[in-house]
2 protein chains.
Amino acid sequence: MSATIKDVAREARVSIATVSRVLNNSAVVTDETRQRVLEAIKKTGYKPNALARSLKIQKTHTIGLIVPDISSTFYPEVVRGIEDIAAMYNYNIFLCNTDQKEEKEVKYIEILGEKQVDGIIFMGDIVRDSVIQTFNEFGVPVVLAGTQDKDKRFPSVMIDNEKAAYDAVKYLISLEHKRIGMISGPMHDPIGGLQRIEGYKKALEEHGIKYDPELVVEGEFKTRKAYLAMLKLLEYKVDAVFAASDDMAAAAINAIFDSNLKVPEDIHIVGFDNTYISTIFRPTITTIQQPAYDIGAVSMRLLTKLLAKEPIEEMHVILPHQLIVRESTGFGEE
Amino acid sequence: MSATIKDVAREARVSIATVSRVLNNSAVVTDETRQRVLEAIKKTGYKPNALARSLKIQKTHTIGLIVPDISSTFYPEVVRGIEDIAAMYNYNIFLCNTDQKEEKEVKYIEILGEKQVDGIIFMGDIVRDSVIQTFNEFGVPVVLAGTQDKDKRFPSVMIDNEKAAYDAVKYLISLEHKRIGMISGPMHDPIGGLQRIEGYKKALEEHGIKYDPELVVEGEFKTRKAYLAMLKLLEYKVDAVFAASDDMAAAAINAIFDSNLKVPEDIHIVGFDNTYISTIFRPTITTIQQPAYDIGAVSMRLLTKLLAKEPIEEMHVILPHQLIVRESTGFGEE
DNA sequence: TTGTAAGCGTTATCAT
DNA sequence: ATGATAACGCTTACAA
């Protein structure tokens, strides 16, 4: 139906090779023939077929994005960062939501491989063996964004979660708190779960506070669980809480209010992620900023280098995090 | 490098046609040869090349998604709805962020066309002529999600924005308010801007309240603008406000607090969208629920029908909205 | 400078 | 039931 390079060639009375040449404005084509071809293109309404081109040159200028859930709070920002850089380098993006389900992850990698993506950016709490194996089967360049495989074989971009948690808790300690609770991510999550708990422990121990397992309650990044977790921590009489996400921090604050206590007057809270919610919630929430956009942008930049076979300075990029002090730890009071 | 259908054929000592047959488990292939081919596939580690396949069958099973900004509050949910249905029908998704810039919209449509997507779902406040023209050039099936072209030539899925705004304001009127302000979207946005203002006007007029243009202040869906808009409305002594988005409602509430007034005690607020923020913010925000996920899901379903050339019952789907009453209009008080 | 033709990896028609 | 082969729309040696 739509015009092909052949139609243009016929119209311009040249060979398809010549048309191809002006299309890729390669080689030296006479201005005159170029003009003829350009006109023919216009006249026929010709649109190049990227599929055919990709099949020939063995490059699609397309990359795959594997994301747990594009409708959650953290990932849209990461994806935006990826997209912006991808657009700069003329890459298009396949979006795949996995809900962190292993079979979906594997299946999507296979589909992406079959669709001949030039590279893949993978996100998800844990990088399973089956996922790693599938990557290897297709031999496609991969960058891990906000996560890491246990053998660190794949390039990755993330923050230092342990250090970030450490900083958050250390800040609470500097505010003279002794009984500091934590609402954690899931225990099976090596990054957002365990690493942050590790940082929490380290901060306590380095400052001579004994670690009490009872004060770490799993919130699993769910507001309902976090709310309940906070109620439990209240029973243990904590005077400060570090929540592994802003959502959970907000839920915790609600639980505190609903128990007729106040933040920051009675209890201090620190969240994690510096999402929108931490700025708009009242009290505004002290939090750790994860540079979500940058994680995406740097991951994509790294991938472009991989694809161009440029030398990589650093396989495992650690981006800086930042403690942002707000009302939930008493900032703004005297 | 990676095995092709030829390698498999050679390995299994059959023709490529036969391999293709077992791949598409079409036609009748002897169990014996099928077995041989299957083994050859395993042995060679063959992965089909979807590009070649698509080039041949003229279908990519890929659709393009054109979105203003995936990192904003509303769209991730829509996209998730699209993705879920797309996955059910084995479609993959190209994600394109436009920031509502005309040139980006047009360029992405062209790229999607060249990459031979089977269809496109378009989102954005306004559907420009250049966009429509580009759609036509490529002749690719299109569904508009959450928006509409002025001639209604393209299928669309959305809510009745005017009616939704009407319902919101009518509810405020039912609470005995007389001086009702509005923080609106941008005036150049026919859907989220003008239609909602229209609903606001209609509700007032139908209930014998004179419409006062001063009481409609543009917030442009930006929290900072909305904050300032609310300060202005306070000067005009409004006793209730309808904000065209939850973000703006939250910002308005902050402005009210910062002016030493209280919500809902002194002023009632209604938002729009039923985003996460309206549930977690305190006071929780009365709002209009736009079924974002459903808009996405229904759009994608509609597109699958278009692609399968199934008959379409309704070119312009209106999904139900809902008023959700929360604390910002005094719910929960006596 | 331009044209011819092979090939990218499939599917599908037509023989056998 | 299976095999040859043309075709999908393009790029790119190699020739002319």
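Protein chains get the first letters and strands the later ones, always in sequence-line order, with residue 1 at the start of each.
Distance, A/Q58 CD to C/dT10 P: 10 Å, rounded to whole Å. Remark: C1' of C/dC8 and CD of A/Q116 are 11 Å apart, rounded to the nearest angstrom. Atom NZ of B/K115 is separated from atom P of D/dC10 by 15 Å (rounded to the nearest Å). If you take NZ of A/K59 and C1' of D/dT12, they are 15 Å apart, rounded to a whole angstrom. We find that CG of A/L23 is positioned 14 Å from C1' of D/dT12, with the value rounded to whole Å. The CG-P distance, from B/N24 to C/dG9, rounds to 17 Å in whole Å. Between B/R36 atom CZ and D/dA1 atom P the separation is 15 Å, expressed in whole Å. Here D/dG9 presents its P atom at 17 Å from CG of B/N49, a figure rounded to the nearest Å.
Looking at heavy-atom distances under 4.0 Å, B/K47 makes contact with sugar-phosphate atoms alone, never a base. Within 4.0 Å of B/T30, counting heavy atoms only, lie sugar-phosphate atoms of the nucleic acid but no base atom. Note on B/L55: a base of the nucleic acid sits closer than 4.0 angstrom, heavy atoms only. Across all strands shown, B/S54 has no heavy atoms under 4.0 Å from either base or sugar-phosphate atoms. Contacts of A/I16 with the nucleic acid, taken as non-hydrogen atoms under 4.0 Å apart, include base atoms. Within the nucleic acid shown, B/I5 comes within 4.0 Å of at least one base atom, counting heavy atoms only.
For C/dT2, the OP1/OP2 oxygens have a side-chain nitrogen or oxygen of A/T33 closer than 4.0 Å. Residue A/T18 places no side-chain N or O under 4.0 Å from the OP1 or OP2 atom of C/dT2. Within the 4.0 Å cut-off from OP1 or OP2 of D/dT12, not a single side-chain nitrogen or oxygen of A/S20 is found. Of the side-chain N and O atoms in A/S15, none sit less than 4.0 angstrom from OP1 or OP2 of C/dT2.
With contacts defined as side-chain heavy-atom distances shorter than 4.5 Å, the pair A/V79/B/S71 does not qualify. Between B/P141 and B/L307, some side-chain heavy-atom pair lies under the 4.5 Å cut-off.
Mapped onto DNA chain D by nearest heavy atom, A/K6 and A/R53 fall at different nucleotides, with A/K6 at the one closer to the 5' end. Across the interface with DNA chain C, nearest-nucleotide mapping of B/L51 and B/A17 shows B/L51 to be the residue nearer the 5′ end. In terms of position on DNA chain D, the residue among A/V19 and B/V14 whose nearest nucleotide sits closer to the 5' end is B/V14.
Residue-to-nucleotide contacts include a donor-acceptor pair under 3.5 Å from the side chain of A/K56 to the base of C/dG7.
Between B/D84 and B/R301, none of the side-chain N atoms (NZ, or NE/NH1/NH2) sits under 4.0 Å from a carboxylate O, so this pair counts as no salt bridge. Salt-bridge annotation for A/R36 and A/E32: present, with a side-chain N of the basic residue lying under 4.0 Å from a carboxylate O of the acidic one. B/E313 has a carboxylate O that lies under 4.0 Å from a charged side-chain N of B/K305, or vice versa, which qualifies the two as a salt bridge.
Relative ring orientation between B/F135 and B/F122 is described as perpendicular, the plane-to-plane angle rising above 60° on a 0-90° scale split at 30° and 60°.
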